[in-house]
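We use all heavy atoms of the structure for the numbers below, so side chains are in, but hydrogens, waters and symmetry mates are not. Remember, it's a predicted structure, so these values are computed and weren't measured experimentally.
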Amino acid sequence: FGKHCNTFFLVLAAFTAIIGWIGLTNNGSFRVEDDLINRKLFFPDPATVMMKLKQGRKAPEDIKYAAFGASVTWGSGIVGDRNKLSYPKLLSPNASNLAIRATGPNYPSACTQTMVGDENFDVIILEFFPRAHKGLHPLTRRLRARFPDAIIIILREWSPMDIINQNKQNLRAWARKKGLPLSLHHPKLHMAFLESEEEWFWTTHYNQRIRVQERAAKDFGAYILPMTKPEDPRDWLFFEQYFAPDFLHKSNEGHEEVAKRVRHLVDMVGVPAEPRVGTWDANDSCLTWFETGDKTGLRMSPSWRMNMFSNNGGPKYALEITSRNFKIAEGTLTVTNPSQDRMTVYVSYMITSPAPSKYPRTQVTTINKEGRKTIELSQDQINDWG
């Protein structure tokens, strides 16, 4: 289809086919109501609290943390070593930071077993508020099946990018149009914002995301842990210290604030001294080279090449195939199903928006013992992960 360079980034996940949802379900949800004055913790029933108290607690230094998320959890925006200063590492130097930049929960929901391996976790943090609808529910289900006694925390974060004006411009787009410095902490931007007569609102997507989180929390016994959010979006200035200059990611102080919130919740609830470990509800086997360029497990035709297309904050890799002399570019990728079960192949790929995408239309044909199936990778999604 394409006449131009086709940067074709794949994450292949072999995932056991499931009919319906499988997993342990708790009655009721855990939720933290947070405001500027106090926090109140609501448990589903007193029996749950008594069970935790009778079992005894793990010492704080023995608690095993894991965090799934996107670029915020990964540590974009941190000044210094993200491997020491991101909120998972502030909770414990031995925490597993399983975040992947520029993603939603789709990949970890399909590849949970591959990502976790044989590790056992007591506290699991999920940071996927902007893209919660893209897989938060199955990810929480799979984690709960594996870790029935773990504290699963669903973060509800916001950023100045969630604020829009009457012209549907977010704060950064507004600053760009006004010719203001594109730094959240710049005094000129603050002054212009305070003097402006714009009307500002929270994005309408906010309530949709809340509903997705609440469903996952209710179905699988997770805690929702919100960041304090001002009722009037114009009051974001009182919270600017928690954000990086790019309007989106957390600053060092922002990561400290998240760690403090999580630690407070864990201290109140307590981790059982001997938590149970369940079985995986499905097998998966995933390959990704986005951050490593590692081609292990892939057999490729010579037309493919691994390209480090970005090194902003760390390398990012994509498999790339290029058409020449206006001919259709073709190539094959072969992966092996390590299981005796029938598996489904999932593919992730790069897009840009708004249209037209810089990537050409691309057809993918899967070939197995049952025959061929051809799909076209959509480039029509808006501001999302393909």
Side-chain angles (χ1 to χ4, degrees), residues 11-30 44 48 51-52 55 64-70 73 95-100 103-128 131-155 211-224 269 271-272 274-288 297 335-348 366 368 385:
V11 180
L12 302 181
F15 187 67
T16 303
I18 302 173
I19 299 176
W21 298 116
I22 303 174
L24 303 180
T25 303
N26 283 351
N27 295 323
S29 64
F30 303 86
T48 303
M51 180 186 71
K52 291 180 180 292
Q55 286 180 330
K64 298 179 180 179
Y65 289 88
F68 294 81
T73 297
S96 294
N97 189 339
L98 301 175
I100 304 174
T103 65
N106 261 349
Y107 178 82
S109 70
C111 301
T112 321
Q113 182 184 21
T114 299
M115 295 178 72
V116 170
D118 296 326
E119 292 290 326
N120 295 328
F121 298 117
D122 303 308
V123 179
I124 302 169
I125 306 159
L126 307 179
E127 177 262 315
F128 291 114
R131 295 188 176 102
H133 61 292
K134 293 284 189 177
L136 179 64
H137 194 272
L139 174 59
T140 312
R141 170 179 57 77
R142 299 196 71 196
L143 290 168
R144 176 55 76 209
R146 178 63 170 174
F147 305 109
D149 294 329
I151 299 174
I152 299 179
I153 299 173
I154 300 174
L155 296 180
R211 288 193 292 271
V212 174
Q213 285 193 334
E214 289 183 344
R215 182 188 170 213
K218 179 179 180 180
D219 288 350
F220 307 115
Y223 294 84
I224 293 176
V269 177
V271 172
E274 297 181 2
R276 296 169 294 166
V277 177
T279 58
W280 290 107
D281 60 352
N283 295 319
D284 64 66
S285 178
C286 302
L287 305 173
T288 178
V335 293
T336 301
N337 178 0
S339 170
Q340 297 301 314
D341 299 325
R342 180 177 177 178
M343 309 288 262
T344 300
V345 176
Y346 290 85
V347 178
S348 290
T366 58
N368 54 34
W385 173 258

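- Separation of atoms CZ (R141) and OG (S109) is listed at 8.5 Å; rounding is to 0.5 Å.
- A pairwise comparison of heavy atoms in A110 and C286 identifies O-SG, 4.1 Å as the closest pair.
- Taking all atoms of both residues into account, the shortest heavy-atom contact from D341 to N337 is O-ND2, 2.9 Å.
- By the side-chain hydrogen bond (donor to acceptor under 3.5 Å, both in side chains) test, T114 is found to be paired with D284, residues two or more places apart in sequence or in another chain being considered.
- Here the CG atom belonging to L139 is positioned 12.0 Å from the CZ atom belonging to R144, to the nearest 0.5 angstrom.
- Using a 4.5 Å cut-off on side-chain heavy atoms (C-beta onward), T112 and R146 make no contact.
- Residues that satisfy the side chain to side chain contact (heavy atoms under 4.5 Å, CB included) test with A216, not counting sequence neighbours, are L136, H137, T140, I154.
- The shortest non-hydrogen separation linking A70 to A99 is O-CB, 3.5 Å.
- Summarising the geometry, atom OH belonging to Y223 is positioned 14.5 Å from atom CG belonging to L155; distances are rounded to the nearest 0.5 Å.
- The shortest non-hydrogen separation linking R276 to P148 is O-CD, 3.6 Å.
- Using a 4.5 Å heavy-atom cutoff, the side chains of I152 and F220 are not in contact.
- Expressed to the nearest 0.5 Å, how far CZ of F128 lies from OG1 of T73 amounts to 7.5 Å.
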Donor-acceptor pairs are to be reported for all side-chain atoms of residues 118-126 against protein atoms at under 3.5 Å, with residues two or more places apart or in another chain.
residue, atom, partner, partner atom, Å
D122, OD1, K58, NZ, 3.2
D122, OD2, K58, NZ, 3.0
D122, OD2, K64, N, 2.9

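- In terms of modelled atom types and a separation under 3.5 Å, the side chain of R142 and the main chain of P108 share no donor-acceptor contact.
- Across all their heavy atoms, R131 and P105 have their closest contact at O-CD, 3.2 Å.
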Item to complete: Would you please test F68 and V116 for side-chain contact (heavy atoms from CB on, under 4.5 Å) and show each step?
Response: CA-CA 10 Å; F68 294 81; V116 170; 3.9 Å; yes
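- Minimum heavy-atom separation, M115 to I100: CE-CD1, 4.2 Å.
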